[in-house]
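Convention: sequence-line order gives letters A, B, ...; per-chain numbering from 1.
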Amino acid sequence: MKIDQKNTLALLQAQGFSLAEPGNAHTHRLYLAFANDTDHACLTVTAYNMDHSKPRKVSERVNPILGIHNYQANNIAGYLEIPADRWKEFRRFCRALNRFYEALDATSLEMAPLLLDADGFSIASAHMSVDENALFRQPEIVARLDANQQDETQSIAILHKLNYVRLEGQIGCMANGAGLAMTLIDAIAMHGRDAGISAANFMDIGGGAKAERIRAGLDLLLSDPTIDCIIINVFGGITRCDELAQIIIHHYQDAAAIKPIVLRLQGTNAERAMEMVQSADLAGIYIADSLSGAVRQAIQLIREGRTA
Amino acid sequence: MIPTINAQTPVIVQGITGREGSFHTHEMLSYGTHIVGGVTPGKGGEWAHGKPIFDTLRTAIDATGATASVIFVPPESATDAVFEAVDNGIQFIVCVTEGVPVRDMLRLKAYLRHREPRLLGPNSPGVLVPGQTKIGIIPGYVGTPGNIGVVSRSGTLMYEITHLLSQGGFGQSMCIGIGGDPVIGVNYVDALEMFENDPDTEKIVLIGEIGGNKEIKAAEFIAGMTKPVIAYVTGYHAPSGVRMGHIGAICTDVESSAQYKMQALRSVGARVVGSIDEILPALAE
């Protein structure tokens, strides 16, 4: 999750790092970045001297348990052409930065430029990203998040922990699991191509979703005027299919203008869910027994709706 | 090397008394998994689903001889549970927990380097050996015994595809979910190596998705394999730069796109399909 420059600088300053004043005199302009290397399960520190037109770039792999070694900071200092009498300061600065990076669960931190002058290192510009999974232990960062930056739909989605991405099409989608949700979108794209039909959104309700989250997700799809039909594909696990059916039945009893909904449910209490839906006998609710079956049915319903 | 997992493998459930731990312990026992006990600090001496609960993994292992464990512990303590399992000699650890901070996983992976125990996950649905055992949360009914090895990052998509395989008469030797996170234990390559050396596996179905380069690494290994691999990569139509659900599923550059991965897999001889409906015909070829 990206943190903008203003907040990044504020966080750095709060940890005791010096920020550069505009028009600071400096002897060196440096690029210094920390980033997670998930492929090698380590941190990568990258640096170069920004005063050179074709600078030599240096990269060090940092062990996430041990942190940056002094010899690594020395190596970087050499590439940056920092004078030898400032190397000790630079080592201390790198270690402090490493601690800051760890303390805030950063996934990347980039300073361009970092300035060196007679008084020391000061940061003129910085951006960072932090791990969303770690927000539970980062109250400072959470306090700085501006929820108003998102549009209202995205805010509702975040509030209910719905993984939701708006797309361009007409079929509203809900699935439990990101891979399943993406496969639903791909299947719609494939079957709907000739009719110009595609998915309206990605929505992953996650594992073991409780009634409130399912309701919020369904409301979101039902209230979207660009959606003509909805597919819900829930497969297996701890998610209660009968709770899901209950919510849908409730909505389809009350709602004035409903969109056709195709249900493909497999898993905990799925049979009971199907019985409930069948005996409710409500218009607009359809049942499919496979993912592609659900997709084909939804496309057919839209085509019928277009010709009606 | 992933150790042998079967109906005799004794399993401890770390976090046995939580909502998920309790539900899935019941499911695993119903399936026939040889669960020998559970750990919840503070509940030692009590019982859950007929199995003894211990305060620590140390005491659990001393009493039961467990060699595998499955972790249902919240994100803030999940890696602590893994460290506990590693340090106490557990050979196969399934971490189901979703939302483990990346920093914790980087440290764990650095610690695991050059160590024996195999970690599956985090954010993993675990393994299913149809007819024998399941360690994790894979619904048992989707599988049936056979000779297809299934490996996937996505959990529910693996259930969907495994169910299709079972309905189509292609039973499975093992279904293994490596999980959706960017930093994980067992990777595609480890699973493929296991399947390549497993006399009960004849063909492999690999389920991939956008984000990261795990499928590219898999392709490098597949180049040297003798057994056929059928591959499906989901997220073909995912917009680039947008995170689709779990942390790992984001197409940040060309190389992490579905198209690039499909091409890489195709180029080493994997049979790449464009939809899940094409998997059965591909297996029948």
Practice task
Take atom CD of A:Glu140 as the centre, draw a 6.0 Å sphere, and report whether it contains more than 12 heavy atoms from other residues, nucleotides or ligands.
Solution key: no
Practice task
Heavy-atom distances under 4.5 Å only: say whether A:Asp186 touches chain B with side chain, backbone, both or neither.
Solution key: both
Handout entry: For B:His163, ring pair (Phe, Tyr, Trp, His ring centres under 6.0 Å) partners two or more places apart
Key = A:Phe235
Handout entry: Derivation and outcome, side-chain contact (heavy atoms from CB on, under 4.5 Å), residues B:Lys217 and A:Asp39
Key = CA-CA 10 Å; B:Lys217 295 249 166 72; A:Asp39 295 334; 4.2 Å; yes
Handout entry: Portion of B:Arg153 that has a non-hydrogen atom of chain A nearer than 4.5 angstrom
Key = neither
Exercise for the section: Sort A:Asn176 into side chain, backbone, both or neither according to what part of it lies under 4.5 angstrom from a heavy atom of chain B. Expected result: both
Completion exercise
Residue from B:Glu76, B:Glu209, B:Lys109 scoring the most non-hydrogen pairs under 4.5 Å with chain A is B:Glu76
Exercise for the section: Select, from A:Ser290, A:Ala189, A:Ala178, the one with the greatest count of heavy-atom pairs under 4.5 Å involving chain B. Expected result: A:Ala178
Fill in the blank from the handout: With chain B, the option among A:Asn63, A:Ile185, A:Asp204, A:Asn36 that has the most non-hydrogen atom pairs under 4.5 Å is A:Asn36
Completion exercise
So, the part of A:Leu167 with a heavy atom under 4.5 Å from chain B: the answer is side chain
Handout entry: chain A interface, residue from B:Arg19, B:Glu160, B:His24 that has the most non-hydrogen pairs under 4.5 Å
Key = B:Glu160
Handout entry: Within 6.0 Å of CG in A:Asp289, more than 12 heavy atoms from elsewhere
Key = no
Fill in the blank from the handout: Max heavy-atom pairs within cutoff under 4.5 Å with chain A, candidates B:Ile276, B:Val183, B:Asp104, goes to B:Asp104
Practice task
Check each atom of A:Leu66 against the heavy atoms of chain B and say whether the ones under 4.5 Å are side chain, backbone, both or neither.
Solution key: neither
Problem - Region of B:Ser154 that comes under 4.5 Å of a non-hydrogen atom in chain A - result: side chain
Exercise for the section: Please state whether the side chain, the backbone, both or neither of B:Lys214 comes within less than 4.5 Å of a heavy atom of chain A. Expected result: neither
Problem - Heavy-atom contacts under 4.5 Å, residues 95-103 of chain B to chain A - result: B:Gly99, B:Val100, B:Pro101, B:Val102, B:Arg103
Exercise for the section: Identify which of B:Gly235, B:Pro139, B:Pro182 forms the greatest number of heavy-atom pairs closer than 4.5 Å to chain A. Expected result: B:Gly235
Completion exercise
Rounded to the nearest 0.5 Å, the CD1 atom of B:Ile161 sits from the CG atom of A:Leu291 at a distance of 9.5 Å
Problem - Leading residue by heavy atom contact count with chain A [cutoff under 4.5 Å; candidates B:Arg243, B:Glu27, B:Gln167] - result: B:Arg243
Practice task
Verify, without hydrogens or angle tests, whether A:Thr183 (side chain) and B:Thr234 (backbone) share a donor-acceptor contact under 3.5 angstrom.
Solution key: no
Handout entry: Contact origin within A:Asn163 toward chain B - heavy atom pairs under 4.5 Å
Key = side chain
Problem - Whether over 12 other heavy atoms sit under 6.0 Å from B:Glu278 CD - result: yes
Practice task
Answer yes or no: is there a side-chain heavy-atom contact under 4.5 Å between B:Val142 and A:Gln266?
Solution key: no
Fill in the blank from the handout: Honestly, the part of B:Tyr236 sitting under 4.5 Å from a heavy atom of chain A is both
Handout entry: Choice from A:Met190, A:Met203, A:Arg264 maximising heavy atom contacts with chain B below 4.5 Å
Key = A:Arg264
Exercise for the section: Give, as side chain, backbone, both or neither, the part of B:Tyr111 having an atom under 4.5 angstrom from any heavy atom of chain A. Expected result: both
Handout entry: Contact origin within B:Leu106 toward chain A - heavy atom pairs under 4.5 Å
Key = both
Problem - Greatest number of heavy atom pairs closer than 4.5 Å to chain A - which of B:Arg113, B:Met105, B:Met158 - result: B:Arg113
